[in-house]
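Scroll down for the structure; my scribbles are underneath it.
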Amino acid sequence: MSFQIPRGTQDILPGEAEKWQYIEQMARDICRRYNYQEIRTPIFEHTELFLRSVGDTTDIVQKEMYTFEDRGGRSITLRPEGTAAVVRSFVENKMYGNPNQPVKLYYMGPMFRYERPQAGRFRQFVQFGVEALGSSDPAIDAEVIALAMELYHSLGLKKLKLVMNSLGDAPSRKAHRQALIDHFKGRISEFCEDCQSRLEKNPMRILDCKKDRDHELMETAPSILDYLNDESRLYFEKVQLYLTKLGIAFEVDPRLVRGLDYYNHTAFEIMSEAEGFGAITTLCGGGRYNGLVQEIGGPETPGIGFALSIERLLAALAAEGITLPVAQGIDCFIVALGEKAKDESVILVNKLRQSGMKVERDYQDRKVKAQLKAADRLESAYVAILGDDELEKQVIAIKNMATGEQTEVSLHSFVQYMKTAVESK
RNA sequence: GCGGCUAUGGCGAAGUGGUUAACGCACCAGAUUGUGGCUCUGGCAUUCGUGGGUUCGAUUCCCACUAGUCGCCCCA
């Protein structure tokens, strides 16, 4: 074997690609109805953008970025997530000056993270995400979450869990942070190495630790929810109220901490609860990032968004045994026998296609039997057979593959006959 | 970045330190010289991920590499 695909990447082959198209189409249609517009940004950005936005203490920045120097000596990074670039573009193109606020955007495309591949984890994966910039109305938080849920529901997923938390605003976080440090400080030596280093850098993440989750101090640790100031608390309550009014079930998990530094207030994850899904169950993650636009050099602008992986969405569909209604099969297969008939079939195939039908023929010089077999394999609804006999009479035989019935129609009425047959099917 | 398991034809899968590598599916041909889905017959891996080692001999034993897979960390 001379070449193989790079680790953690995948070819999406025919048969599978149709599912992607179906999902993408569904996502676009939902965005249209929610009035989110597509934005396409480059696949790479200046490294500095991600250091600033994602946060240089995060795992993404510390060990997962595809960073390289280009020929001009610039440090370039393949985007590990979508929000940074959208915000960069928002600022660079002065979308904050757009009279239509908030600016509601969506994107779909590959992201890159240098990781060990695993079930549901790839080095190149596709994210669909939305960002709403310019509003701090809790209704937009609920709208963004509803949009994600609608996509999953419209594809038939049922076994989902929406988990919510509020990370609060800056003063709330600061107070909570201090409370956490005070809580763990005395006995931090009883915790894992990671947690020990988290104590000063980001004590909130200790709560998220899988290793030490049973430690008694975890139970009694101060919850962010108790440290939210009035403004933050009311905001979170309003988001929950709206979700409830929308009939979207959720649970509040005060331990939910998102991996990127830029989040505040609303944080949420949508997870699959399907049996045998594997270790990674997060389908979608998102939250509010009110300081990010300013961090990137724009005016103070609130924002909220989410990102979800199409790969994991497909895995969730598979886990729930859902088959997407992707069209398969063709309308007509033209079997041609003999040189003259083959010459004629070139034209007939073209005519059918131009009138909207999905049509195929033989290009392998196969015998009748094999051509019929090929038609069967392609799940063709009809087969049209043209040989010397038919050519002489200026007719063509049409066989309904489901019933086996066969009739002859004149060549000049062939296209019209096929059209009505296919449409009435 | 760390650990477990795996690597045989287009796919699934058995197998043994020794001159012919099961089987199933798919595919091709024929039985049916102009008609598919069923049946029958035949065909289809100078070769067992790559490289090296042990051995008289390795697909089978050992090592490395690569890849897949599952898990840890973390995330989408």
Side-chain angles (χ1 to χ4, degrees), chain A residues 1-10 13 54 57-65 79-83 108-129 148 192-195 197-198 202 205 208-212 256-260 269-272 276-286 305-316 333 335-338 341 362 364-391 396-406:
Chain A
M1 197 183 301
S2 45
F3 289 105
Q4 50 185 227
I5 198 168
R7 184 163 211 204
T9 64
Q10 54 183 346
L13 304 176
V54 176
T57 63
T58 59
D59 273 16
I60 290 181
V61 167
Q62 286 191 333
K63 55 181 205 186
E64 294 173 4
M65 295 207 304
R79 61 185 186 189
E81 58 100 45
T83 304
M108 217 179 314
M111 304 296 164
F112 306 84
R113 293 185 199 173
Y114 191 87
E115 297 194 85
R116 279 280 294 263
Q118 192 186 320
R121 179 190 292 159
F122 305 90
R123 290 189 172 179
Q124 175 176 332
F125 56 100
V126 175
Q127 281 190 340
F128 160 65
C192 71
E193 274 182 37
D194 286 339
C195 284
S197 67
R198 283 171 182 145
N202 195 346
R205 308 214 66 153
D208 206 31
C209 182
K210 308 294 188 288
K211 283 185 200 150
D212 295 319
L256 176 71
V257 181
R258 309 245 54 250
L260 304 126
E269 270 184 28
I270 301 170
M271 302 188 275
S272 173
F277 192 73
I280 299 171
T281 57
T282 303
L283 300 178
C284 171
F306 72 70
L308 63 85
S309 144
I310 308 293
E311 289 83 357
R312 289 185 187 175
L313 171 46
L314 284 162
F333 188 100
V335 173
L337 308 164
D362 171 67
Q364 305 300 118
D365 201 27
R366 285 191 263 240
K367 297 177 182 174
V368 206
K369 189 184 167 81
Q371 290 194 42
L372 261 296
K373 204 171 178 184
D376 190 51
R377 207 162 36 219
L378 289 170
E379 294 177 52
S380 191
Y382 294 91
V383 165
I385 303 166
L386 188 68
D388 291 338
D389 299 352
E390 286 82 3
L391 220 42
I396 187 164
I398 296 171
K399 178 168 186 172
N400 180 323
M401 292 294 272
T403 63
E405 288 165 20
Q406 190 166 321

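Since we're looking at a predicted model, the values are computed, not measured. Side chains are part of it too, since the values below use all heavy atoms of this structure and drop only hydrogens, waters and symmetry mates. Every chain is numbered from 1, with letters handed out A, B, ... down the list of sequences.
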Whole-angstrom distance between [N] and [M], as gauged at atom [atom1]:
| N | M | atom1 | answer |
| --- | --- | --- | --- |
| C23(B) | U55(B) | C1' | 32 Å |
| U41(B) | A45(B) | C1' | 22 Å |
| A26(B) | G12(B) | C1' | 10 Å |
| U6(B) | G15(B) | P | 13 Å |
| C63(B) | C5(B) | P | 11 Å |
| U16(B) | G36(B) | C1' | 43 Å |
| C73(B) | A14(B) | C1' | 39 Å |
| U59(B) | A31(B) | C1' | 38 Å |

Does the [N] base have a donor-acceptor partner in the side chain of [X] within less than 3.5 Å?
| X | N | result |
| --- | --- | --- |
| Glu115(A) | A76(B) | yes |
| Asp376(A) | G37(B) | no |
| Lys373(A) | G37(B) | no |
| Glu390(A) | G34(B) | yes |
| Lys399(A) | U35(B) | yes |
| Gln371(A) | U35(B) | no |
| Arg121(A) | C74(B) | yes |

Counting only Watson-Crick pairs (N1-N3 plus N6-O4 or O6-N4) and G-U wobbles (N1-O2, O6-N3), all under 3.5 Å, who is the partner of [N]?
| N | answer |
| --- | --- |
| G3(B) | C70(B) |
| U35(B) | none |
| U60(B) | none |
| U41(B) | A29(B) |
| G12(B) | C23(B) |
| G17(B) | none |

Consider the side chain of [X], meaning its heavy atoms from C-beta on, and name the nucleotide among [options] that approaches it most closely.
| X | options | value |
| --- | --- | --- |
| Pro117(A) | G36(B), G34(B), U69(B) | U69(B) |
| Ser309(A) | A76(B), A67(B), G34(B) | A76(B) |
| Arg7(A) | G34(B), U69(B), C74(B) | U69(B) |
| Phe125(A) | C72(B), C70(B), A76(B) | A76(B) |
| Gln406(A) | C28(B), U35(B), G34(B) | U35(B) |
| Val368(A) | U35(B), A76(B), A67(B) | U35(B) |
| Ile280(A) | C72(B), A67(B), C74(B) | C74(B) |
| Thr282(A) | C75(B), A29(B), G36(B) | C75(B) |
| Arg116(A) | U35(B), A76(B), C2(B) | C2(B) |

For the pair made of [atom1] in [X] and [atom2] in [N], what is the distance, rounded to whole Å?
| X | N | atom1 | atom2 | value |
| --- | --- | --- | --- | --- |
| Tyr382(A) | G36(B) | OH | C1' | 16 Å |
| Leu386(A) | G34(B) | CG | P | 15 Å |
| Arg123(A) | G68(B) | CZ | P | 8 Å |
| Phe333(A) | U35(B) | CZ | C1' | 12 Å |
| Met271(A) | C75(B) | CE | P | 13 Å |
| Leu313(A) | C75(B) | CG | P | 21 Å |
| Ile270(A) | A76(B) | CD1 | P | 12 Å |
| Gln118(A) | G3(B) | CD | P | 15 Å |

So [X], base contact, sugar-phosphate only, or nothing? Heavy-atom distance under 4.0 Å.
| X | result |
| --- | --- |
| Gly278(A) | sugar-phosphate |
| Gly286(A) | nothing |
| Ala279(A) | sugar-phosphate |

Check: [Y] main-chain N/O paired with [X] side-chain donor or acceptor under 3.5 Å:
| X | Y | result |
| --- | --- | --- |
| Gln371(A) | Ala336(A) | yes |
| Arg123(A) | Glu115(A) | yes |
| Arg116(A) | Gly8(A) | no |

State, to 0.1 Å, how close [X] and [Y] come at their nearest heavy-atom pair, and which atoms those are.
| X | Y | answer |
| --- | --- | --- |
| Phe333(A) | Ser380(A) | N-OG, 3.2 Å |
| Ile385(A) | Ile396(A) | O-CG1, 3.3 Å |
| Gly404(A) | Lys399(A) | O-CE, 3.9 Å |
| Phe277(A) | Arg312(A) | CZ-O, 3.9 Å |
| Met65(A) | Ile60(A) | CG-O, 3.1 Å |

message: We want to know whether Thr9(A) and Gln124(A) form a side-chain donor-acceptor pair, criterion being a heavy-atom distance below 3.5 angstrom.
response: no
- prompt: RNA chain B: Tyr114(A) or Phe122(A), which has the more 5' nearest nucleotide?
  reply: Tyr114(A)
task: Find which nucleotide of RNA chain B each of Gly387(A) and Arg113(A) is nearest to by heavy atoms, and output the residue with the more 5' nucleotide.
output: Gly387(A)
message: At less than 4.0 Å, is any side-chain N or O atom of Lys369(A) found next to OP1 or OP2 of U35(B)? Yes or no.
response: no
